[in-house]
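So the structure is just underneath, and the comments pick up after that.
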Amino acid sequence: MPLKLGLGLPQMHQYDLAHDVTTVARAAEDTGYESLWVFERILFPTPATQGLYGVPGLAWPDHYRGVADPMVTLALAAAVTERVRLGTSVLVAPLHVPFQLARTFATLDAASGGRAVAGIGTGWSLDEYAAASVAPFEKRGAALDELLDVFAAVWGPDPVAYQGEFTTIAPAEVGPKPARPIPVFLAAGGGPAVRRLVDRADGWMPVGLGADKLAEELRTVRDVAAERGRERPLEVCVRANSVYSAKPFEGAGRQPFQGSAGQIVEDVVAHAQVDGVTELLIDLSTTMRDAQELVDVAAEVYAGVRAAGV
């Protein structure tokens with residue numbers, strides 16, 4: 001099976017949301033991309049309580065300023081496409097009321113004819129937790145577990161009923177129902193997160209930091225899956241956070257998915273060779289000047305990957 005290719009939608013402040021989301025979504029589907037994806041960043045603290053990813057002193061990137069709501073962005077894309085799947089990579093579970101998020105995904109899936117993909121994680125920003133979380137940072141794992149429970153309940157048959165630490169649903173009819181079982185992907189690093197992944201998820205969403213590192217991480221996931229008796233296959237959708245430049249990056253120190261379209265294609269091909277990878281999400285949106293450049297470079301990358309036989 002050819003590698004499935006996904007594209008990140010424009011959500012940042014350099015884009016005109018009234019027109020660019022739909023323009024890019026249509027163009028991506030016409031080009032051949034199989035999926036469209038959004039990420040979540042709800043605020044840009046000034047000053048930040050902590051560094052990027054919790055690393056002291058690491059600055060937040062400028063493209064985290066004014067990121068559009070992910071589910072609204074996917075709804076815009078759904079309205080102008082017919083085939084591509086519509087996924088989140090990823091939503092931060094504790095920033096959402098579980099019942100409401102379950103209904104939003106169900107509505108998106110029903111309205112799009114069964115194309116939603118729920119990519120979920122626990123996040124890292126203390127500022128975002130302070131502003132919007134339904135559970136404290138220390139309970140992020142429990143909040144994610146409950147969200148998955150609520151998904152299963154709300155997307156299942158009526159009457160829906162659930163009692164958890166953060167959610168109470170008295171027996172009720174809850175609709176609309178998804179058009180089909182919505183795949184749940186998790187962003188998992190290690191320990192309890194990997195165990196949750198193999199026990200509860202349909203797919204895994206690692207970040208592409210090099211083919212060798214990905215292969216090592218995937219071996220760990222497979223080992224845990226074997227230990228816990230998972231039999232069904234696990235989808236693997238790799239997120240490629242791309243830093244595009246018109247000219248090739250020269251010299252030592254180039255990071256994966258950094259450089260020209262040709263260099264990004266090389267990295268996509270390398271990651272695709274890792275056994276078990278089923279899809280690769282290419283997010284070019286952060287370093288594009290505008291929607292037209294995003295459409296053009298995305299088409300060039302897609303053509304290059306397919307020409308390489310991937």
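For the pair Y302 (side chain) and G32 (backbone), a donor-acceptor distance under 3.5 Å is present. A donor-acceptor contact shorter than 3.5 Å is absent between the side chain of Q11 and the backbone of V21. S242 contributes a side-chain N or O that, together with a main-chain N or O of A240, makes up a donor-acceptor pair within less than 3.5 Å. Although no hydrogens or angles enter the test, the distance criterion places a donor-acceptor pair under 3.5 Å between the side chain of R180 and the main chain of G114. The main-chain N or O of K213 is never found under 3.5 Å from a side-chain atom of E216 such that the two would form a donor-acceptor pair. A donor-acceptor pair under 3.5 Å is absent between the side-chain atoms of K4 and the main chain of S35, judged by distance alone. Not a single donor-acceptor pair under 3.5 Å links the side chain of T81 to the backbone N or O of R83. A distance-only check finds no donor-acceptor pair linking the side chain of W155 to the backbone of R103 [under 3.5 Å]. Remark: the backbone N or O of I42 is paired with a side-chain donor or acceptor of E128 at under 3.5 angstrom. A donor-acceptor contact shorter than 3.5 Å links the side chain of T22 to the backbone of H19.
When all heavy atoms are compared, the tightest approach of A77 to L36 is CB-CD1, 4.2 Å. Closest non-hydrogen pair, V274 versus A215, comes out as CG1-CA, 3.8 Å. In terms of heavy-atom proximity, A106 sits nearest to P176 at CB-O, 3.4 Å. Closest approach of T73 and A68 over heavy atoms only: OG1-CB, 3.8 Å. Scanning all heavy atoms of the two residues, the minimum distance from P98 to L147 falls at CA-CD1, 3.5 Å. For the pair V160 and K177, the tightest heavy-atom approach, listed with the atom from each and the gap, is CG2-NZ, 3.6 Å.
One distance of note links CG of L74 with CG of D109; it measures 11.5 Å at 0.5 Å rounding. Taking CG of L234 as the reference point, atom CG of L197 lies at 5.0 Å (rounded to 0.5 Å). To the nearest 0.5 Å, the span separating OG1 on T31 from CD on E300 amounts to 12.0 Å. The OG1 atom of T49 lies 3.5 Å from the CG atom of D127; values are rounded to the nearest 0.5 Å. Distance check, rounded to the nearest 0.5 Å: CG of D20 to OH of Y15 gives 8.0 Å. Taken from OG in S112 to CZ in R85, the straight-line distance is 11.5 Å, to the nearest 0.5 Å.
The aromatic rings of W60 and F44 lie perpendicular to each other, with more than 60° between the two planes, well past the 30° mark. Aromatic ring orientation, F105 versus F151: perpendicular (interplanar angle above 60°, classes split at 30° and 60°).
Considering L218, L209, L281, L214 as possible partners of V238, the one that fulfils the side chain to side chain contact (heavy atoms under 4.5 Å, CB included) test is L214.
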Task: Criterion side-chain contact (heavy atoms from CB on, under 4.5 Å) on S89 and F185, from CA distance to verdict - done: CA-CA 9 Å; S89 176; F185 283 52; over 6 Å; no
Task: D145/R196 under salt bridge (charged side-chain N to carboxylate O under 4.0 Å, His left out): CA gap, chis, key distance, verdict - done: CA-CA 8 Å; D145 284 331; R196 180 186 296 111; 2.7 Å; yes
TODO: I would like to know whether H13 and D62 meet side-chain contact (heavy atoms from CB on, under 4.5 Å); could you show each step before the answer?
DONE: CA-CA 9 Å; H13 55 82; D62 185 68; 3.1 Å; yes
Open item on the list: Applying side-chain contact (heavy atoms from CB on, under 4.5 Å) to E165 and E146, what does each step give before you reach the verdict?
Closed with: CA-CA 8 Å; E165 184 176 357; E146 183 158 313; 3.7 Å; yes
Task: side-chain contact (heavy atoms from CB on, under 4.5 Å) between V97 and F166, intermediate numbers included - done: CA-CA 9 Å; V97 174; F166 314 110; over 6 Å; no
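Salt bridge annotation for D223-R228: absent, with no cationic side-chain nitrogen under 4.0 angstrom from a carboxylate oxygen. Electrostatic pairing of R200 and D149 counts as a salt bridge here, judged by a charged N lying under 4.0 Å from a carboxylate O. Using a 4.0 Å cut-off between charged side-chain N and carboxylate O, R26 and E82 make no salt bridge. In summary, E34 and R115 do not engage in a salt bridge, as defined by a charged side-chain N under 4.0 Å from a carboxylate O. A salt bridge is defined here as a Lys NZ or Arg NE, NH1 or NH2 lying under 4.0 Å from an Asp or Glu carboxylate O, and D275 with R222 meets this definition.
Using a 4.5 Å heavy-atom cutoff, the side chains of L5 and E279 are not in contact. Contact annotation: the side chain of V268 approaches that of L3 to within less than 4.5 Å [non-hydrogen atoms, C-beta and beyond]. Between S125 and Q50, some side-chain heavy-atom pair lies under the 4.5 Å cut-off. Using a 4.5 Å heavy-atom threshold, the side chains of F99 and V174 count as touching. No side-chain heavy atom of E29 sits less than 4.5 Å from a side-chain heavy atom of V80. In this structure the side chain of L126 reaches within 4.5 angstrom of the side chain of F137, judged on heavy atoms. Two residues are said to be in side-chain contact when any heavy atoms from C-beta on lie closer than 4.5 Å; I169 and V154 meet this criterion. Between T122 and Y129, some side-chain heavy-atom pair lies under the 4.5 Å cut-off.
Connection of V117 to L86 is not established within any shared hydrophobic cluster, with ILVMFWY side chains joined at heavy-atom distances below 4.5 Å, either directly or through further cluster members. Under the 4.5 Å side-chain heavy-atom criterion for Ile, Leu, Val, Met, Phe, Trp and Tyr, L294 and F39 are members of the same hydrophobic cluster. In the hydrophobic clustering of this structure, Y64 groups with V38; members are Ile, Leu, Val, Met, Phe, Trp, Tyr whose side-chain heavy atoms approach within less than 4.5 Å, directly or through other members. Note: the hydrophobic cluster containing V221 does not contain V90 (ILVMFWY, side chain heavy atoms under 4.5 Å, direct or indirect links).
Within a 6.0 Å radius of CZ in R232, more than 12 heavy atoms belonging to other residues, nucleotides or ligands are found. No more than 12 heavy atoms of other residues, nucleotides or ligands lie within 6.0 Å of NZ in K139, so this atom counts as exposed by the packing criterion.
D267 and Q263 share no donor-acceptor pair across their side chains, judged by distance under 3.5 Å alone. A donor atom on one side chain and an acceptor atom on the other are found under 3.5 Å apart for E40 and H96.
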